[in-house]
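Written out below as structure tokens is the structure these notes cover.
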Amino acid sequence: MMKGFKVISFLFVAFFVVAFLAACNSSSTGGSSKGVSVGIVLPTKDEPRWVQDEQRFKDALADSEYTTEILFSQGSSAKEKENVETLLNKGIDVLIISPHDGEAAGAAVEAAKKDGVTVIAYDRLITNTDAVDYYVTFDSIAVGAAQAQYLVDNTNGSGVPLYLYAGAASDNNAFLFFEGAWSVLQPKIADGTFKIANSSEAIALQDKPELTRDEMSKILGQVTTNWDPNEAINKAQTHLTAAGADMKGDVAILAPNDGTSRSIADTFAADSEISSYIITGQDAEKASIQYIIDGKQSMTVFKDVRTLVTDAMGMAVDILDGKTPETTGTYDNGEIEVKAKQTDVIVVDQANVKEELIDSEYYEASEFTGL
């Protein structure tokens, strides 16, 4: 009986030795001991851009020793915070987050910082908190300026009705896009090239080359689309219904992104009193590239998210490897100057769509008709 007990005791001890060695071995591999090195939180699955980013993030770490998990917040700050907590419980070392609401995301990233996690804001800045370490972004002011410059360069005559639309007031980028656009449009409003058609707040401020945040908020309050194509349709219909004949004919439209641009373009095209329109966009969404080919959308600002994803993941891997990431500037988030890495943007219209998007292998020619 005693002999059997000794055998069982030996096996029991051996089991725990093996388990201990296995645990030690697992913790020495790349990434955290809980299995997720980089946690990524994206704002929604309802826009093609973010679904494409999901796969590109996965591909970026495919040949790495590090692991990632990607969660979507579906336009909810509460879900966003829950997603961050889920990733923290999985032991992430780096958090990459594109916030639904730049200010509301502060609570989520502050929890991450308390856990010693490095926070990288992705594409959208998180504001009014010191819990952001880095920001990977396109030059959002340059995006707005490029959209506005396209309207200026492709407008003839004077007194051209100008319809202004913007993104969500909860998204800091919407302010940066508008700031860039206003810097180019305002002189052309002042000299009579354009006349503002759909914002009394913008008309009241049309003599100011630079706007404060509060002044931009007043304008955005009237022309926001909340990045929602359906809301963009409703806004455009309301504005066209209210517009007199002098605000129709040949018009210029500042639309903030491709999803809203297509909706606004369709609405203006359906109005028999609109002779022609020039309309902007951004993101180079596949549907909008077809619209550009078909002459239904004038341009888009191509932000090559392949580069942005590479920059974000490169920064994350540097952090995991104990290196200091490369940055190219800073952004004031209302609390601190956040170190940033910027990626260039490209204007795409019918003239260069093939060169920029097909020849660069961002899309395949077979995905479009009439190219």
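Worth knowing before you read on, the calculation uses all heavy atoms, side chains too, and leaves out hydrogens, waters and symmetry mates. Quantities reported herein were computed from a predicted structural model and do not represent experimental measurements.
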Any luck finding a side-chain donor-acceptor pair between [X] and [Y] under 3.5 Å?
X    : Y    : answer
S200 : Q222 : yes
D214 : T212 : no
N257 : W227 : no
T300 : Q282 : no
N89  : E85  : no
T343 : D304 : no
D349 : Y150 : yes
D311 : Y134 : no
N128 : E335 : no
Y135 : T137 : yes

Do [X] and [Y] touch side chain to side chain, with heavy atoms closer than 4.5 Å?
X    : Y    : answer
I264 : I253 : yes
K303 : V143 : yes
R306 : Y362 : yes
I97  : E80  : yes
I293 : Q350 : no
K235 : T225 : no
Y122 : L42  : yes
F302 : V345 : no

Lys NZ or Arg CZ of K296 over Y291 ring: under 6.0 Å, within 45°: yes
Geometric cation-pi criterion, R213 with F175: 6.0 Å, 45°: yes
Could you give the distance from [atom1] ([X]) to [atom2] ([Y]), rounded to the nearest 0.5 Å?
X    : Y    : atom1 : atom2 : value
Y331 : N172 : OH    : CG    : 9.5 Å
I96  : L87  : CD1   : CG    : 11.0 Å
S276 : D250 : OG    : CG    : 3.5 Å
I219 : S199 : CD1   : OG    : 5.5 Å
E103 : D171 : CD    : CG    : 12.5 Å

Does atom [atom1] of [X] have more than 12 heavy-atom neighbours from other groups under 6.0 Å away?
X    : atom1 : value
K208 : NZ    : yes
N156 : CG    : no
K195 : NZ    : yes
E364 : CD    : no

Residues [X] and [Y] bridged, charged N to O under 4.0 Å:
X    : Y    : result
K248 : E273 : yes
R49  : D123 : yes
E82  : K79  : yes

Check for me, please, whether [X] and [Y] land in the same ILVMFWY cluster - side-chain distances under 4.5 Å, paths through other members count.
X    : Y    : result
F194 : I203 : yes
Y165 : I233 : no
V347 : Y277 : no
L61  : V136 : yes
I278 : L254 : yes

Give me the atom names and distance for the closest heavy-atom approach of [X] to [Y].
X    : Y    : value
P48  : E285 : CD-OE2, 4.1 Å
V41  : S73  : CG1-OG, 3.3 Å
I292 : V348 : CD1-O, 4.0 Å
A168 : A174 : O-CB, 3.2 Å
A284 : D258 : N-OD2, 2.8 Å
E54  : I70  : O-CD1, 3.4 Å

Audit row: H100, Q74, side chain to side chain contact (heavy atoms under 4.5 Å, CB included) steps and yes/no: CA-CA 8 Å; H100 161 64; Q74 290 308 103; over 6 Å; no
L164 vs N198, side chain to side chain contact (heavy atoms under 4.5 Å, CB included): CA-CA, chis, key distance, verdict: CA-CA 7 Å; L164 303 171; N198 65 329; 4.1 Å; yes
Option among V338, T127, L95 that satisfies the side chain to side chain contact (heavy atoms under 4.5 Å, CB included) test with V132: V338
Ring-ring centroid check F138 F177, cutoff 6.0 Å: no
F268 and Y163 aromatic centres sub-6.0 Å: yes
Step-by-step side chain to side chain contact (heavy atoms under 4.5 Å, CB included) determination, Q186 to Q206: CA-CA 6 Å; Q186 191 276 333; Q206 64 184 5; 5.8 Å; no
Partners passing side chain to side chain donor-acceptor pair (under 3.5 Å) against T129 (at least two apart in sequence or in another chain): E110
Test side chain to side chain contact (heavy atoms under 4.5 Å, CB included) applied to V84 and K81, step by step: CA-CA 5 Å; V84 172; K81 189 170 186 296; 5.8 Å; no
Residue pairs passing the salt bridge (charged side-chain N to carboxylate O under 4.0 Å, His left out) test where at least one lies in residues 130-147, sequence neighbours excluded: K113-D133
